[in-house]
J.: 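First the structure, then my questions, so here it is.
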Amino acid sequence: MLQRTAVRLALVVVAVGAVLAAQAAMAGGRTTTTVEARGVTAVRVVRGSQATTETRSGAYHTVPGAVTTITVPAGTRALILVRFSAESSCGGDTVTSYCAVRIMIASSEGRPAAGDDFAFDSVDSSEAAGSLPDACCWESHSMDRSRGPVGPGTYEVRVQAKMISAGERPGRPILRLDDWSLVVERVAVG
C-alpha cells in the first residue's frame with residue numbers, strides 16, 4: 001500500500017513538472033521579442049498637471065489629454081516607443097481590485113499587449129477599507145510599450161485606463177491620475 005502511494009505521488013510530481021515545463025516553454029516563445037533600431041529621429045511629449053478622476057469600470061477610456069500622434073516618413077520604417085508615467089491612486093472595494101492602463105498605438109495595443117492583465121496601480125488595504133484615494137496612497141507609476149517596425153504613416157498614440165473590481169459600491173472603483181507625462185519616440189529601423 002505504501003509503495004503504491006509512493007508511485008502515485010511520483011507520477012503526480014512528474015505530471016505537474018511536465019505541465020509547468022510546457023507552460024514555461026510556451027510563455028517564453030509567445031511573450032519575448034527583440035527589435036533593433038538605430039537612433040531616435042523624433043520625440044513628442046504631452047504632459048498634464050490637472051488631476052483626473054475616473055469612476056467608470058467595464059470599458060477602457062482615454063485619459064483626458066493623453067493623446068498625440070507621431071509620423072513615420074515615406075520610404076522609412078520605425079519603431080515607436082512610448083512611456084507613460086503618473087502620480088496615481090487607485091481605490092476599490094477589495095484588495096483584489098486594481099486599475100489597469102494600456103497604451104494604444106493606432107488601433108493596436110502597444111507591446112507587450114497585456115490587456116486587463118497589467119495592473120498600473122492596485123488597491124491597498126486602507127483604500128479598500130474606505131479611505132478616499134485623494135487622502136492617501138499617492139504613488140508614482142510608469143509603463144513602457146512599443147510597436148514596430150512599422151511603415152510610413154501617422155500613428156495616434158493614446159493612454160487608456162480601466163478599473164477592475166471584485167464588486168462595486170457607489171463611486172468605486174476609482175482611479176485618480178495627476179502630474180502625468182506621455183513620451184513618444186520614433187526610432188529608425190533598417
J.: Under 3.5 Å, is there a donor-acceptor pair between the Thr41 and Arg186 side chains?
T.: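 Side-chain D/A pair, Thr41 to Arg186: present.
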J.: Any luck finding a side-chain donor-acceptor pair between Thr71 and Thr154 under 3.5 Å?
T.: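 Side chains of Thr71 and Thr154: pair found under 3.5 Å.
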J.: Quick one: closest heavy-atom pair of Leu79 and Ala37, and the distance?
T.: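 Smallest interatomic distance, heavy atoms only, reads CD2-CB, 4.3 Å.
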J.: Could you tell me the separation between the OG atom of Ser88 and the CG atom of Asp179, rounded to the nearest 0.5 Å?
T.: 11.5 Å
J.: Quick check for you: to the nearest 0.5 Å, what is the distance between Met104 atom CE and Gln160 atom CD?
T.: 5.5 Å
J.: Taking Gly190's backbone N and O only, do any of them form a donor-acceptor pair with Arg38's side chain (distance below 3.5 Å, no angle check)?
T.: yes
J.: Return the CG to OG distance between Asp178 and Ser140, rounded to the nearest 0.5 Å.
T.: 11.5 Å
J.: Identify which one of Val184, Leu177, Val46, Val183 satisfies the side chain to side chain contact (heavy atoms under 4.5 Å, CB included) criterion when paired with Phe84.
T.: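 The option that passes is Leu177.
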J.: Between Arg83 and Glu185, does any NZ, NE, NH1 or NH2 come within less than 4.0 Å of an OD or OE carboxylate oxygen?
T.: yes
J.: Taking all non-hydrogen atoms of both residues into account, name the closest pair between Cys99 and Met163 and its distance.
T.: SG-CG, 4.0 Å
J.: Measuring from atom NE2 of His61 to atom NZ of Lys162, what distance do you get when rounded to the nearest 0.5 angstrom?
T.: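 Nearest 0.5 Å value for the NE2-NZ distance: 12.0 Å.
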J.: How far does CZ of Arg147 sit from CZ of Arg145, to the nearest 0.5 angstrom?
T.: 15.0 Å
J.: Between Ser108 and Ile105 (side chain of the first, backbone of the second, donor and acceptor by atom type, cut-off under 3.5 Å), is there such a pair?
T.: no
J.: Check whether Leu175 and Val67 end up in the same hydrophobic cluster, where Ile, Leu, Val, Met, Phe, Trp and Tyr are linked by side-chain heavy atoms less than 4.5 Å apart.
T.: no
J.: Once rounded to the nearest 0.5 Å, what's the spacing between atom CD1 of Ile80 and atom CD1 of Ile103?
T.: 12.0 Å
J.: Minimum heavy-atom separation for Pro152 and Thr76, please, with both atom names.
T.: CD-O, 3.5 Å
J.: Any side-chain donor-acceptor pair under 3.5 Å between Tyr98 and Asp116?
T.: no
J.: Under the side-chain contact (heavy atoms from CB on, under 4.5 Å) rule, what do Arg77 and Val72 come out as? Steps first, then yes or no, please.
T.: CA-CA 7 Å; Arg77 294 180 52 76; Val72 177; 5.8 Å; no
J.: Grab the two heavy atoms, one from Val35 and one from Gly148, that are nearest each other, plus how far apart they are.
T.: CG2-O, 3.9 Å
J.: Verify, without hydrogens or angle tests, whether Glu36 (side chain) and Val189 (backbone) share a donor-acceptor contact under 3.5 angstrom.
T.: no
J.: Counting distance only, does the side-chain N/O of Arg176 pair as donor-acceptor with the main-chain N or O of Trp138 below 3.5 Å?
T.: no
J.: Test side-chain contact (heavy atoms from CB on, under 4.5 Å) on Glu139 and Asp121; report intermediate values, then the result.
T.: CA-CA 9 Å; Glu139 302 162 334; Asp121 197 354; 3.2 Å; yes
J.: Tyr155 and side chain to side chain contact (heavy atoms under 4.5 Å, CB included): which single residue from Thr68, Val82, Val150, Thr69 fits?
T.: Val150
J.: Considering all heavy atoms of both residues, which atom of Arg47 and which atom of Ser181 are nearest to each other, and what is their separation?
T.: CG-OG, 4.2 Å
J.: Does NZ or CZ of Arg102 come closer than 6.0 Å to the centre of the six-membered ring of Tyr60, within 45° of the ring's axis?
T.: yes
J.: Looking at Ser85, is its backbone amide N or carbonyl O close enough to the side chain of His141 to form a donor-acceptor pair, meaning the two atoms are under 3.5 Å apart?
T.: no
